[in-house]
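In what follows, a structure is listed as structure tokens, so that the remarks can point back to it.
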Amino acid sequence: MTNQYEENHERSLKDPEGFWGKAAEDCFWYKKWDKVLDDSNKPFYRWFTGGVTNTCYNALDFHVERGRGERIAMIYDSPVTNTIRKYTYKELRDTTARFAGVLKDQGVVKGDRVIIYMPMIPEAAIAMLACARIGAIHSVVFGGFAAKELATRINDAKPKVMVSASCGIEGKKVIPYKPLLDKAIEFSDAKPEKCIIFQRPMETASMIAGRDIDWKTAEAKAQPADCVPLAATDPLYILYTSGTTGQPKGVVRDNGGHMVALKWSMKAIYDTDENDVWWAASDVGWVVGHSYIVYAPLLKGCTTILFEGKPVGTPDAGVFWRVISEHKVKCMFTAPTAYRAIKREDPKGALIKNYDISPFKILFLAGERSDPDTIQWSENNLKVPVIDHWWQTETGWAIAANCMGLHHFPVKYGSPTKAVPGWDVQVLDTDCNPMKPGEIGALVVKLPLPPGTLQTLWQRDDRYVESYLSEFPGYYKTADAGFIDEEGYVYVMARTDDIINVAGHRLSTGAMEEVLADHPDVAECAVLGVEDKLKGQVPVGFLVLNVGVTRPNEEIIAEVVQAVRDRIGPVAAFKKALVVKRLPKTRSGKILRGTIQKIADNKEWNMPATIDDPATLSEMKEALMTIGYAKNPS
Ligand code: COA
Ligand code: AMP
């Protein structure tokens, strides 16, 4: 006998048009689509062509017009400013419409780009929704990125307007944002015409006359703007994510497919209905924030929580339980690293007992591999199902999950369970041959991808095809390696490129190497992600210095650490580097990254047959031991 998951999965692959066409009926369309799946320009598949809609209308006005205007749409909970503020759907709609009016007053029209560089305050979500309302394409940049990274994104997206705030609050630190914004604009060739700044009381930003506009003053003068009807295929946003070089990839998401898939996912994957209270503890600068702080819960008519705080230290490791209990959260979504941080401070979960968390039903984890320890600790202490699921910035929503609204499969630790309906996940070898169950290979998805996934890379169709579609023709390359077992459970083992995951944040070691290589004393370098108990992985740099350099190693190390912080940002958490005589390489000159990583992480390793000089690995091991890695003496 099949269950609901199996029925849905089979139907979604056999008849994608029927499956997603039905899901789309749950949304509002000014004009219905002509075609559910348009494959006339392969490999660029488009969903709901001919359809006319508006994502902001579906997220806000739709609910107000159906008599749900007084329900709570968003709760801003900020332990760092001691604030709790609730917005009804009507309030959020009206505030968004007014800010959309502010954007219009600055000449922003459909298709213009708006970069949003904001901390976790309601105005960040309002700015996103306001762009969606008038068809402007937003690009949110995470606050932990440095001015140079922001500049790269400004150069690529060429925004007409930037929206920012005077500061963010990181635990107990106030981080001024405006100086970073000013520097980024100075660094970039594309100059935005206007910057709209939300002044926060903890730090007042100085304004540049003629360019900078105060959010509140402009809002007081603005007229509310109506939703603009948009083609389903018009871009909703660009979200930059780490690529294999310093040049990030601008993932483009459409309006129609995104709206349909996300709304569908709230019930099917997360078992969350309208009126339920939902909390994704992430940041609007990441894809989880786009999809599950802002769009999906509002499209579904839930109450979403926007949390400005950390799992620990704001004020303590009980803050998650306080938020769950105070707002009666039914389901929560965060990265495993957040639970590792709590577990480290409160290993017995003693603080949980101070709160009534009985409304809490399911914990969802993603963004990095969920280690069994963290899952079990959460299961034992929270007494709810803990669901690992796998996705990427590019996919916008989950590729594999235990779809809690369809069927709850037994959990296998280490696996995010099965391919979600819409996803035909397969494992291939390098020659594109299918692997047998249990055999590790490249995790790929047979085209077409379901709605809500990336359309292309911003103005780089060629890079989109080259990065994702060319290596395995007919498939999307996830760049994750793994296997599928006899029962269809997917296992995600490692990235096949140089991307690492630091505290759930995606970073490119290649981009860090570019920074290190620019140091005048560095002849050669490598950056690797090594295991870290809290953050999952952290980057470690290996430097080979130019002949004749006599300055102390510590000085050079401090300089490269600072350079990564300045050019990429504090979020890179690049704090450790080592000076080595040489890097272990193959005879053809390739750095033996995999072997070095295994040595650092105390994993079993074999001497590669192709190694140029075996002594380089012993040297590397000794060097790693000086900073607390490669502890295993064998
Ligand atoms: N703006 C400015 N700076 C930021 C920032 C932001 N939005 N977010 C992080 N930073 C800075 C931090 O202040 C820190 O700086 P420091 O080196 O001066 O201390 C650095 O970037 C690293 O931050 P973070 O990775 O958050 O590490 P942490 O040690 O401060 O906290 C955790 C560790 C586990 C508590 C934290 O990473 C966390 O809450 N993670 C949740 C994961 C998450 O939300 N993932 C998103 C995908 S689901
Ligand atoms: P991001 O684009 O930041 O969401 O990062 C995507 C990458 O994070 C994936 O390609 C995986 O390598 C990793 N990842 C995300 N979720 C999981 C998971 N549940 N298990 C293992 N790896 C994951």
Side-chain angles (χ1 to χ4, degrees), residues 117-120 124 141-146 165 167-177 180 239-242 249 251 280-293 307-314 317 319-320 333-345 364-371 375 387-401 414-417 443 454 477-482 490-497 499-507 529 532-538 561 564-565 568-575:
Y117 184 61
M118 297 280 262
M120 281 290 287
V141 178
F142 178 62
F145 281 123
C167 65
I169 303 169
E170 271 292 297
K172 294 186 176 59
K173 292 177 289 184
V174 172
I175 315 253
Y177 272 39
L180 296 172
L239 178 57
Y240 288 92
T241 190
S242 299
K249 295 167 163 170
V251 166
S282 176
D283 189 290
V284 287
W286 306 117
V287 68
V288 176
H290 281 64
S291 296
Y292 291 106
I293 295 176
F307 174 71
E308 186 182 31
K310 295 249 174 187
V312 293
T314 60
V319 68
F320 274 20
F333 176 173
T334 193
T337 188
Y339 271 72
R340 286 198 294 271
I342 294 171
K343 182 169 84 140
R344 194 167 73 163
E345 293 219 349
F364 293 91
L365 298 175
E368 55 175 323
R369 191 179 159 268
S370 280
D371 52 294
I375 298 187
I387 306 300
D388 178 17
H389 60 322
W390 168 52
W391 53 301
Q392 310 179 310
T393 304
E394 288 85 345
T395 66
W397 58 290
I399 312 167
S415 165
T417 318
L443 285 165
L454 81 169
K477 177 177 88 163
T478 66
D480 278 311
V490 177
Y491 289 77
V492 184
M493 310 300 286
R495 289 284 300 196
T496 54
D497 54 14
I499 298 295
I500 57 170
N501 244 294
V502 180
H505 310 317
R506 170 167 159 177
L507 297 158
D532 182 81
K533 271 206 153 54
L534 173 65
K535 299 196 175 190
Q537 281 184 304
V538 288
V561 165
V564 173
R565 200 176 168 89
I568 296 179
V571 70
F574 181 82
K575 303 215 161 140

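When reading the values below, keep in mind they use all heavy atoms of this one structure, side chains included, and skip hydrogens, waters and symmetry mates. Each residue takes its place number in the sequence, starting with 1. One-based numbering, in listed order, for ligands and for the atoms of each.
- Residue contact check: V571 has heavy atoms under 4.0 Å from atoms 21 (O) of ligand 1.
- Between the side chain of T337 and the backbone N or O of G504, no donor-acceptor pair lies under 3.5 Å.
- Nearest to atom 18 (C) of ligand 2 among the protein's heavy atoms is E368 O, 3.3 Å.
- When every heavy atom of V490 is checked against every heavy atom of P416, the shortest pair comes out as O-CD, 3.0 Å.
- In this structure, G569 falls outside the shell of residues with a heavy atom less than 4.0 angstrom from ligand 1.
- Numbered from 1 in the order shown, with element, the atoms of ligand 1 that lie under 4.0 Å from a heavy atom of G144 read 1 (N), 2 (C), 3 (N), 4 (C), 5 (C), 6 (C), 7 (N).
- When only non-hydrogen protein atoms are considered, atom 8 (O) of ligand 2 lies nearest to N501 ND2, 3.0 Å.
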Carefully, step by step, assess T393 and K249 under the rule side chain to side chain contact (heavy atoms under 4.5 Å, CB included). CA-CA 10 Å; T393 304; K249 295 167 163 170; over 6 Å; no
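- Listed by number with element, the atoms of ligand 1 under 4.0 angstrom from any heavy atom of V288 are 48 (S).
- With ligand atoms numbered from 1 in the order given, ligand 2 contributes 9 (C), 10 (O), 12 (O) to contacts under 4.0 Å with heavy atoms of R495.
- Closest heavy-atom approach to atom 26 (O) of ligand 1 among the candidates H505, M120, K310: K310.
- Each of W286, F364, W391 was evaluated against Y292; a single residue qualifies, W391, per the ring pair (Phe, Tyr, Trp, His ring centres under 6.0 Å) test.
- With respect to atom 9 (C) of ligand 2, the closest heavy atom belonging to the protein is D480 OD2, 3.2 Å.
- Of all the atoms in ligand 1, the ones that sit under 4.0 Å from a non-hydrogen atom of A281 are 44 (O).
- Among all protein heavy atoms, the one lying closest to atom 46 (C) of ligand 1 is S282 OG, 3.4 Å.
- When each atom of ligand 1 is checked for a heavy atom of T337 under 4.0 Å away, the hits are 34 (C), 40 (N), 41 (C), 42 (C).
- Every atom of ligand 1 with a heavy atom of K575 under 4.0 Å away is listed here by number and element: 17 (O).
- Distance CG/D480 to CD/Q392: 5.5 Å, rounded to 0.5 Å.
- In this structure, atom 33 (C) of ligand 1 lies nearest to the protein heavy atom K535 CE, 4.3 Å.
- Ligand 2 has no nitrogen or oxygen under 3.5 angstrom from a nitrogen or oxygen of T241.
- Minimum heavy-atom separation, E368 to R340: OE1-NH2, 2.9 Å.
- Ligand 2 places these atoms under 4.0 Å from at least one heavy atom of V492: 21 (C), 22 (N).
- The atoms of ligand 1 that sit less than 4.0 Å from any heavy atom of F142 are 5 (C), 7 (N), 8 (N).
- At distances below 3.5 Å, not a single donor-acceptor pair connects side-chain atoms of E394 with backbone N or O atoms of L454.
- The closest donor-acceptor contact from the side chain of Y117 to the backbone of F145 lies under 3.5 Å.
- Protein heavy atom in closest approach to atom 1 (P) of ligand 2: T393 OG1, 3.5 Å.
- Assignment of R565 to the shell around ligand 1 is supported, since a heavy atom sits closer than 4.0 Å.
- Counting protein heavy atoms only, atom 2 (C) of ligand 1 is closest to G143 O, 3.5 Å.
- Judged purely by atom type and a 3.5 angstrom limit, S242 uses its side chain to pair as donor or acceptor with the backbone of R506.
- The protein heavy-atom contact nearest to atom 5 (O) of ligand 2 is R506 CD, 3.6 Å.
- By the 3.5 Å distance cut-off applied to N or O atoms, T478 is not counted among the residues near ligand 2.
- Between T334 and ligand 1, no N or O atom pair is found at a separation short of 3.5 Å.
- When atom types are taken as modelled, the side chain of D283 and the backbone of M120 share no donor-acceptor pair closer than 3.5 angstrom.
- For the pair T314 (side chain) and G171 (backbone), a donor-acceptor distance under 3.5 Å is absent.
- Looking only at heavy atoms of the protein, atom 6 (C) of ligand 2 is closest to W391 O, 3.6 Å.
- Minimum interatomic distance between L507 and V571 (heavy atoms only, all atoms of both residues): CD1-O, 3.8 Å.
- Residue K173 has at least one nitrogen or oxygen atom sitting less than 3.5 Å from a nitrogen or oxygen atom of ligand 1, judged on distance alone.
- Closest heavy-atom contact between H389 and A398: CD2-CB, 3.8 Å.
- A donor-acceptor contact shorter than 3.5 Å is absent between the side chain of H290 and the backbone of G285.
- You'll find the side chain of I342 reaches within 4.5 Å of the side chain of F320, heavy atoms only.
- Residue S370 has no nitrogen or oxygen atom sitting less than 3.5 Å from a nitrogen or oxygen atom of ligand 2, judged on distance alone.
- Residue G482 comes nearest to M493 through the heavy atom pair CA-CG, 3.6 Å, listed as atom of the first residue, atom of the second, then distance.
- Closest approach of A481 and T496 over heavy atoms only: CB-CG2, 3.8 Å.
- Taking 4.5 Å as the limit, some side-chain heavy atom of E170 sits within range of a side-chain heavy atom of K310.
- Regarding atom 16 (N) of ligand 2, its nearest protein heavy-atom neighbour is G367 N, 3.2 Å.
- In the vicinity of H389, heavy-atom distances shorter than 4.0 Å reach the ligand 2 atoms 16 (N), 18 (C), 19 (N).
- Listed by atom number, the atoms of ligand 1 under 4.0 Å from E170 heavy atoms are 2 (C), 3 (N), 4 (C), 5 (C), 6 (C), 7 (N), 8 (N), 9 (C), 10 (N), 11 (C), 12 (C), 13 (O).
- Closest to atom 37 (O) of ligand 1 among all protein heavy atoms lies A503 CB, 3.4 Å.
- At a 3.5 angstrom cut-off on N or O pairs, Y177 counts as close to ligand 1.
- With atom 11 (C) of ligand 1 as the reference point, the heavy atom nearest to it among G504, P176, P570 is part of P570.
- Residue contacts with ligand 1 include P311, since one of its heavy atoms falls under 4.0 Å from the ligand.
- Using a 4.5 Å heavy-atom cutoff, the side chains of P119 and I169 are not in contact.
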